[in-house]
There are 2 protein chains.
Amino acid sequence: MIFFIYTNNVDLVKRFTKVGDNDLKKITIKDIAKLAGVSPSTVSNVINGVSKCSTDTRDNILALIEELNYKPNITAKSLVTKRSKLIGFVFKQDNENSFLQNLLYGIQSGIKNFPEYDIITTNINNSYNLEEWITKRNLDGIIFLGMFSSNLISKIQRLNIPILLIDNYFEQIPNINYVYSEDTLGGYLATEHLIKKKCKHIALATGSLKENELFFRRYLGYKSALEDYGIKLDGNLIFESKHIDFNSGKILGELITQNKNIDGIVSLADILAIGIIKRLNKEYNKIPDDILIIGFDNIPGCEYTTPQLSTIDQGIYEKGYKSINILINKIENNNKDSIEVQIPIKIIERESTKK
Amino acid sequence: MIFFIYTNNVDLVKRFTKVGDNDLKKITIKDIAKLAGVSPSTVSNVINGVSKCSTDTRDNILALIEELNYKPNITAKSLVTKRSKLIGFVFKQDNENSFLQNLLYGIQSGIKNFPEYDIITTNINNSYNLEEWITKRNLDGIIFLGMFSSNLISKIQRLNIPILLIDNYFEQIPNINYVYSEDTLGGYLATEHLIKKKCKHIALATGSLKENELFFRRYLGYKSALEDYGIKLDGNLIFESKHIDFNSGKILGELITQNKNIDGIVSLADILAIGIIKRLNKEYNKIPDDILIIGFDNIPGCEYTTPQLSTIDQGIYEKGYKSINILINKIENNNKDSIEVQIPIKIIERESTKK
DNA sequence: TTGAAAGCGCTAACAG
DNA sequence: CTGTTAGCGCTTTCAA
């Protein structure tokens with residue numbers, strides 16, 4: 001039988017426990033208790049800071065914990081407390097989430113403020129049973145990135161754990177938390193930016209406005225800006241795409257080239273804008289001389305295009321960081337109120353609108 | 001006191017357990033046992049398929065499990081089996097991992113072949129104690145993406161769990177598994193591709209050849225190809241960059257423009273190539289007329305540039321998918337042999353080498 | 001301020 | 001083929 005020790009003071013352990021020279025033992029709360037000459041419950045109390053005890057025993061126990069590098073077994077703890085300290089993170093493949101890395105990195109960094117917690121990820125497909133996953137792992141909370149059906153979300157809600165939606169806008173179901181960008185403002189600023197550059201016929205490239213509230217909000221910003229500057233909204237200048245990817249962008253680009261009046265494009269997703277640029281460059285190399293374009297998201301690809309794409313930065317890292325903070329606070333405080341947080345956006349001017 | 005039921009047959013439970021109308025109860029193995037009129041261990045045996053039992057009791061138990069939608073509590077199981085069924089996935093922010101999403105998606109998809117297992121992620125920074133994380137969560141195995149110091153890996157190894165390194169080449173430490181691409185072949189094919197297009201002075205854009213074995217192997221392919229086609233390797237045509245990102249690419253591009261002889265570039269990372277293209281386009285718009293360029297990785301950004309970047313596709317999704325498979329098989333079979341798997345690469349010809 | 005005892009939900013001998 | 005028992009490492013009453 002081999003045990004493992006994760007301690008620097010093997011001698012101390014050997015002195016008090018039956019551990020041979022070649023054995024290794026993993027320290028438990030009992031070991032600490034025995035060495036400190038107290039009961040396991042006292043050690044547990046000290047660790048968790050519940051009920052006070054004499055400074056002496058406290059210090060003694062803490063010193064031992066430190067010296068033996070004791071780490072409580074989270075599994076055992078979970079079993080009794082019914083908390084896994086595990087947060088689920090769910091995302092789909094289908095959206096061009098070039099920013100997934102950043103977001104996940106933000107989440108991972110943010111969760112380090114809560115040393116007990118960890119992030120566990122999955123994706124879903126038709127046959128995948130998310131409820132089972134949550135139940136099986138006894139998740140304490142869950143984050144969804146992007147659009148998921150309200151049907152799914154409602155189901156998950158029955159499991160009675162805090163839910164946080166990133167970049168999703170549903171009918172406001174209680175006990176669901178939202179983190180998104182200042183999307184409407186972003187749409188406004190992007191449009192205003194073009195207006196101030198003297199664009200008169202500003203096209204809108206977007207995902208589905210009926211099915212995707214995210215785009216709809218950005219669209220509202222576009223609309224308001226036009227109104228504020230006395231430009232009439234022209235439905236013919238709105239180009240919707242079901243899919244949000246590079247090739248769909250090229251298709252929109254194709255359509256846009258057919259209207260020679262257009263002198264500005266607000267693309268509500270960078271990846272569409274990148275496709276549009278690709279298509280426009282093919283026809284005539286006139287960005288930004290004849291036509292300006294601005295995107296939304298600030299994905300890395302914005303820098304790769306020629307010309308480089310102006311855009312609305314949506315603070316992706318911060319989104320992840322904030323999200324995990326909010327969710328864990330909900331969990332810890334057992335707070336059922338629904339919260340909505342907007343991450344500030346900012347405009348990034350690059351070559352595609354430099355005139 | 002409120003319980004939760006995750007079952008469709010509340011009545012059945014109520015009949016046998018003290019559960020009021022408004023209570024909900026979470027099904028345990030004891031419930032199944034009681035309802036089936038057997039002992040918990042028998043249920044456990046059936047679930048885990050150990051030791052045979054009469055078809056009758058078996059069917060009966062299975063039917064109940066199905067009907068009550070019983071899911072074993074993985075935490076309780078972990079506590080006794082000492083297996084968390086949790087695989088750690090560690091990556092850094094610093095490399096431009098535009099492919100992280102794909103890779104992670106591959107991992108997540110692959111892990112669905114092992115319904116008990118899940119993937120738990122973290123990143124590391126200077127102060128982060130990875131060993132503590134692994135210990136705390138009692139991880140069954142761990143995957144590293146990219147370069148990590150052999151120092152770190154050795155430390156982790158002491159924890160005695162299977163380790164799998166993706167895109168990393170260390171001195172071959174035993175019990176460590178490797179998944180990487182056919183990097184040398186890729187370097188060879190990329191170079192040969194340019195040679196066949198009549199390039200005579202082929203520059204190499206790369207990360208550090210001393211510090212990063214990944215690039216070194218790709219470089220070996222470059223070198224072999226030149227040899228095979230009787231072209232002398234010219235050290236002046238090798239451009240190393242410490243960092244692998246877009247801006248470093250632009251810097252390399254700057255250097256490359258200073259040697260007017262160069263008529264082909266093999267870039268051992270797409271992201272460098274994209275920067276190079278950006279810089280070259282500024283000077284003279286002569287890709288692919290005067291100078292060809294091919295990258296390595298096939299990240300989405302390859303399509304966004306003008307011209308679009310030819311490259312070596314390294315099967316990122318498959319890498320993730322295979323990796324998790326290998327690792328879990330190691331765990332399940334308690335197999336200590338070290339394994340190395342190469343994911344096949346293929347050349348993708350786009351505009352930047354179309355001549 | 002501390003400890004004894006029970007138990008979270010499961011598995012693993014060992015008996016029967 | 002099945003049940004009894006003990007116990008994983010921790011927390012949580014409750015009593016001392």
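Keep in mind that this is a model prediction, so the values were computed, not measured. Lettering of chains follows the sequences in order, A, B, ..., and the numbering in each one begins at 1.
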Kindly calculate the angle separating the two end axes of the helix from C/dT1-D/dA16 to C/dG16-D/dC1, each obtained from five base pairs, and round it to 10 degrees. 40°
Would you classify B/Thr57 as touching base, sugar-phosphate or nothing, given that sugar-phosphate means primed atoms plus P, OP1 and OP2, and contacts are heavy atoms under 4.0 Å? sugar-phosphate
Between NZ of B/Lys136 and C1' of D/dG9 the distance, given in whole Å, is 17 Å
Output yes when at least one side-chain N/O atom of B/Ser44 is less than 4.0 Å from OP1 or OP2 of C/dC10, else no. no
Atom pair distance, as rounded to whole Å: CD1 in B/Ile29 and C1' in D/dG3: 13 Å
Check whether any side-chain heavy atom of B/Phe144 sits under 4.5 Å from a side-chain heavy atom of B/Ile156, and report yes or no. yes
To the nearest Å, how far apart are B/Asn45 CG and C/dT11 P? 9 Å
Applying a 4.0 Å non-hydrogen cut-off, can you work out what B/Thr75 is touching in the nucleic acid: base, sugar-phosphate, or nothing? nothing
Taking the inter-plane angle between the rings of A/Tyr321 and A/Tyr317 on a 0 to 90° scale, is it parallel (under 30°), tilted (30 to 60°) or perpendicular (over 60°)? parallel
Using heavy atoms to find the nearest nucleotide of DNA chain D for B/Arg58 and B/Thr81 separately, return the residue whose nucleotide is more 5′. B/Arg58
Within the distance-only criterion (no hydrogens, no angle test), does the side chain of B/Asn168 pair as donor or acceptor with the backbone N or O of B/Gly146 below 3.5 angstrom? yes
Greater than 12 external heavy atoms within 6.0 Å of B/Lys330's NZ: yes
Using 4.0 Å as the upper bound for N to carboxylate O, is an ion pair formed by A/Asp167 and A/Lys319? yes
D/dT11, OP1 or OP2 - any side-chain N/O from A/Lys82 closer than 4.0 Å? no
Tell me whether the side-chain N/O atoms of A/Asn48 come closer than 4.0 Å to OP1 or OP2 in D/dT11. yes
Does C/dC8 have OP1 or OP2 under 4.0 Å away from a side-chain N or O of A/Lys77? no
Over how many whole Å does the gap from A/Lys30 atom NZ to C/dG3 atom C1' extend? 14 Å
Rounding to an integer number of Å, can you tell me how far A/Ile27 CD1 sits from D/dC8 P? 15 Å
When you compare the side chains of A/Ser44 and A/Ser41, does any donor N or O come within less than 3.5 Å of an acceptor on the partner? no
Whole-Å gap separating C1' (C/dC8) and CG (A/Asn73): 13 Å
From C-beta outward on A/Val38, which listed nucleotide comes closest to its side chain: C/dG3, D/dC10, C/dG9? C/dG3
Could you tell me whether the side chains of B/Lys77 and B/Asn48 share a donor-acceptor contact shorter than 3.5 Å? yes
Taking only the side-chain nitrogens and oxygens of B/Ser39, find out if one of them lies under 4.0 Å from OP1 or OP2 of D/dT4. no
State whether A/Tyr70 places a side-chain N or O below 4.0 Å from either non-bridging phosphate oxygen (OP1 or OP2) of D/dC10. yes
Please give, in whole Å, the distance from C/dA12 C1' to B/Ile47 CD1? 15 Å
Round to the nearest Å and state the distance from B/Leu79 atom CG to D/dC10 atom C1'. 8 Å
Are any of the side-chain heavy atoms of A/Lys85 and B/Arg137 separated by less than 4.5 Å? yes
